Amino acid sequence: MSANGILYDWESITVTGPQGEIAGISEIKYEDGQAATARYGRGSIPRGYGRGNYEASGSMTLDRDEWEKLKKELVATGGGIYDHEPFTVVASYANDNMPTVTDTLKNCKITKFSGAGGSQGDDNTSPMTCEFIILSPILWNGVPAKRDHKNWN
């Protein structure tokens, strides 16, 4: 690890989507989780726990030209923007002083777009935010959040 050197920063990240490397991206976020609920019987101390569903989601903000590239890929198989096949997003963090970290978001399905528009004085008009669900467990630098029992192709 770097001591008093460059750590991961925005210049260290590379994001790829169905349109290839995404150059016009200004933000990417993703998260996952699984609820656990205490199970009680007699007394006030839990006997164990029950598990909820695993859930993963994310978002990214793209410049309008990059959004147009993504949109073109999403509709390439026919249909509208939301009719697309699930796709993979890969976020890699790397610089000269740190090991490369790669998170893989498999089977992403876009659920919402927002942000079109602009106003006088904007230096970036009409950036688009894409929200998506992630239908397979996130691979956090190669380590799955959950064992995947689905048969996604």
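Predicted model only: the values in this text are computed from it and were never measured.
Using a 3.5 Å distance cut-off with no hydrogens or angles, the side chains of Thr61 and Ser26 do not pair a donor with an acceptor. For the residue pair Tyr8 / Asn95, no side-chain donor-acceptor distance below 3.5 Å is found, with atom types taken as modelled. Side chains of Lys72 and Gln19: a donor-acceptor N/O pair is absent below 3.5 angstrom, by distance only. Between the side chains of Ser92 and Thr102, at least one donor-acceptor pair of N or O atoms lies under 3.5 Å.
Within a 6.0 Å sphere centred on OH of Tyr82, other residues, nucleotides and ligands contribute more than 12 heavy atoms. In Asn53, the CG atom is not crowded: 12 or fewer heavy atoms of neighbouring residues, nucleotides or ligands sit closer than 6.0 Å. For CD of Glu85, the number of neighbouring non-hydrogen atoms (other residues, nucleotides, ligands) closer than 6.0 Å is 12 at most. Heavy-atom contacts from other residues, nucleotides or ligands closer than 6.0 Å to NZ of Lys109 number more than 12.
In terms of modelled atom types and a separation under 3.5 Å, the side chain of Asp9 and the main chain of Glu11 share a donor-acceptor contact. The main-chain N or O of Gly24 is found under 3.5 Å from a side-chain atom of Glu66 such that the two form a donor-acceptor pair. Under the 3.5 Å distance criterion, the side-chain polar atoms of Asp103 are matched with a main-chain donor or acceptor of Asn141. The closest donor-acceptor contact from the side chain of His84 to the backbone of Val75 lies at 3.5 Å or more, if one exists at all.
Interatomic distance, Asp32 CG to Tyr54 OH, rounded to the nearest 0.5 Å: 3.5 Å. Atom NZ of residue Lys112 and atom CE of residue Met128 lie 11.0 Å apart, to the nearest 0.5 angstrom. In this structure, the separation between CD1 on Ile133 and SG on Cys108 is 9.0 Å, given to the nearest 0.5 Å. Ser126 contributes atom OG, which lies 4.0 Å from atom CZ of Arg64 (distance to the nearest 0.5 angstrom). The CG atom of Leu105 sits 5.5 Å away from atom CZ of Phe132, with the distance rounded to the nearest 0.5 Å. Thr129 OG1 to Glu27 CD: the interatomic distance, rounded to the nearest 0.5 Å, is 7.0 Å.
Under a hydrophobic clustering in which Ile, Leu, Val, Met, Phe, Trp and Tyr are joined whenever their side-chain heavy atoms come within less than 4.5 Å, directly or via other members, Ile134 and Phe113 fall into the same cluster. Trp10 is connected to Ile22 through a chain of hydrophobic side-chain contacts under 4.5 Å among Ile, Leu, Val, Met, Phe, Trp and Tyr, so both are in one cluster. Put simply, Val90 and Ile110 are part of two different groups of oily side chains (I, L, V, M, F, W, Y) that touch within less than 4.5 Å, one to the next.
Taking each heavy atom of Ile25 and Met60 in turn, the nearest pair found is CD1-CB, 3.9 Å.
Using a 4.5 Å heavy-atom cutoff, the side chains of Leu70 and Leu62 are in contact.
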